[in-house]
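Below is one structure, written out as structure tokens; the observations come after it.
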Amino acid sequence: MVVKVQKEDFDIADELKLLNLKKNNSGGCVIFIGKVREKNNDLIIKSLEIEHYPIMTEKQLETIELEALNKWPINSSLIIHRYGKLFPGDNIVLVMTSSAHRKTSFKATEFIVEKLKTKATFWKLEETLNKKYWLKPEKN
């Protein structure tokens with residue numbers, strides 16, 4: 001079980017190797033990648049700047065991961081969330097789960113992604129061609 005909050009990009013193939021699927025009896029692995037959009041409500045996005053409070057944010061991600069582990073028999077999981085100034089097409093978040101069966105991995109991954117959107121404290125400043133504005137956090 002791995003949680004990372006980092007500025008640098010991630011390599012999906014490298015992270016998948018770290019899950020060590022050959023040795024943990026995983027029949028299913030689900031991968032979710034969140035990326036910076038090119039448009040938001042017809043506004044062209046120039047950049048997205050993500051800020052966080054490190055100790056609090058990492059603790060929140062660990063709590064989300066633990067909730068998923070308590071709900072489903074997950075063999076391995078990984079959450080990576082980036083911060084800093086990102087541009088359209090850049091990776092923002094990577095969530096991977098593996099389990100004996102695919103349905104478990106799908107449910108656990110969806111759960112983690114939804115919780116990241118509503119429970120993890122990240123502040124996002126979106127810059128369009130004409131203005132900058134803070135995105136409102138999603139609600140449960």
Side-chain angles (χ1 to χ4, degrees):
M1 312 313 156
V2 178
V3 169
K4 300 178 191 175
V5 180
Q6 62 191 44
K7 193 167 193 157
E8 62 276 354
D9 199 4
F10 46 81
D11 183 289
I12 297 153
D14 289 345
E15 299 301 338
L16 187 56
K17 286 177 192 171
L18 293 177
L19 284 182
N20 204 7
L21 301 178
K22 289 181 182 177
K23 295 185 179 178
N24 70 14
N25 193 35
S26 290
C29 178
V30 172
I31 300 169
F32 171 84
I33 305 160
K35 300 179 103 32
V36 179
R37 291 182 283 244
E38 292 180 358
K39 288 184 177 181
N40 188 4
N41 297 324
D42 293 327
L43 296 174
I44 296 172
I45 297 171
K46 285 175 56 177
S47 67
L48 178 67
E49 191 152 354
I50 301 172
E51 297 179 8
H52 74 293
Y53 183 67
I55 296 169
M56 181 176 70
T57 304
E58 289 166 16
K59 178 78 172 137
Q60 290 169 333
L61 298 185
E62 289 167 0
T63 299
I64 290 167
E65 185 179 48
L66 188 58
E67 278 184 67
L69 292 170
N70 287 330
K71 285 175 103 52
W72 294 281
I74 299 168
N75 293 333
S76 57
S77 63
L78 168 90
I79 301 170
I80 299 176
H81 203 298
R82 295 181 65 200
Y83 66 91
K85 192 165 190 170
L86 304 173
F87 300 93
D90 285 351
N91 295 320
I92 301 172
V93 65
L94 175 64
V95 175
M96 293 188 202
T97 65
S98 71
S99 63
H101 303 284
R102 71 183 182 282
K103 288 183 181 181
T104 300
S105 290
F106 275 110
K107 288 178 184 178
T109 300
E110 182 179 26
F111 173 85
I112 291 169
V113 170
E114 292 304 318
K115 289 288 184 175
L116 286 175
K117 297 295 281 181
T118 59
K119 297 291 185 191
T121 305
F122 289 98
W123 297 277
K124 298 175 182 178
L125 180 63
E126 194 167 82
E127 181 179 3
T128 66
L129 296 175
N130 301 322
K131 62 182 178 174
K132 289 183 180 184
Y133 55 91
W134 292 98
L135 297 174
K136 294 180 182 175
E138 289 189 23
K139 306 243 188 228
N140 268 349

Determine whether [X] and [Y] fall in the same hydrophobic cluster, where Ile, Leu, Val, Met, Phe, Trp and Tyr are linked whenever their side-chain heavy atoms lie under 4.5 Å apart.
X: Ile33; Y: Phe106; answer: no
X: Ile79; Y: Ile74; answer: yes
X: Trp72; Y: Ile112; answer: yes
X: Ile45; Y: Leu125; answer: no

Any side-chain heavy-atom pair of [X] and [Y] under 4.5 Å:
X: Glu51; Y: Trp134; result: yes
X: Leu18; Y: Leu78; result: no
X: Lys115; Y: Phe111; result: yes
X: Ile80; Y: Asn91; result: no
X: Val5; Y: Pro54; result: no
X: Ile50; Y: His81; result: yes

Using the six-membered ring wherever Trp is involved, compare the ring planes of Tyr83 and His52 and label them parallel, tilted or perpendicular (cut-offs 30° and 60°).
tilted
Has the side chain of [X] got a donor or acceptor atom that lies under 3.5 Å from a matching backbone atom of [Y]?
X: Ser105; Y: Ser99; answer: yes
X: Glu65; Y: Val2; answer: yes
X: Asp11; Y: Ala13; answer: yes

For the side chain to side chain donor-acceptor pair (under 3.5 Å) test, which of Lys132, Glu126, Glu127 pairs with Ser47?
Glu127
Might you point out which heavy atoms bring Leu69 and Ser77 nearest each other, and give the distance in Å?
CD2-OG, 4.4 Å
Here the pair of heavy atoms bringing Gly84 nearest to Lys7 is CA-CE, 4.4 Å
Are more than 12 heavy atoms from other residues, nucleotides or ligands located less than 6.0 Å from atom [atom1] of [X]?
X: Glu49; atom1: CD; result: yes
X: Lys103; atom1: NZ; result: no
X: Ile55; atom1: CD1; result: no
X: Gln6; atom1: CD; result: yes
X: Phe87; atom1: CZ; result: yes

Test Asp9 against Arg82 for side-chain contact (heavy atoms from CB on, under 4.5 Å), laying out the working first.
CA-CA 7 Å; Asp9 199 4; Arg82 295 181 65 200; 3.6 Å; yes
Got a second to check how far [X]'s [atom1] is from [Y]'s [atom2], nearest 0.5 Å?
X: Leu116; Y: Phe32; atom1: CG; atom2: CZ; value: 8.5 Å
X: Thr57; Y: Glu62; atom1: OG1; atom2: CD; value: 11.0 Å
X: Thr118; Y: Ile64; atom1: OG1; atom2: CD1; value: 7.0 Å
X: Phe10; Y: Ile12; atom1: CZ; atom2: CD1; value: 5.5 Å
X: Leu61; Y: Lys4; atom1: CG; atom2: NZ; value: 13.0 Å
X: Asp90; Y: Leu48; atom1: CG; atom2: CG; value: 9.5 Å

For the pair Ile92 and Phe122, evaluate side-chain contact (heavy atoms from CB on, under 4.5 Å) and give the outcome as yes or no after the intermediate values.
CA-CA 11 Å; Ile92 301 172; Phe122 289 98; over 6 Å; no
With a 4.0 Å cut-off on N to O distance, would you call Lys119 and Glu67 a salt bridge?
no
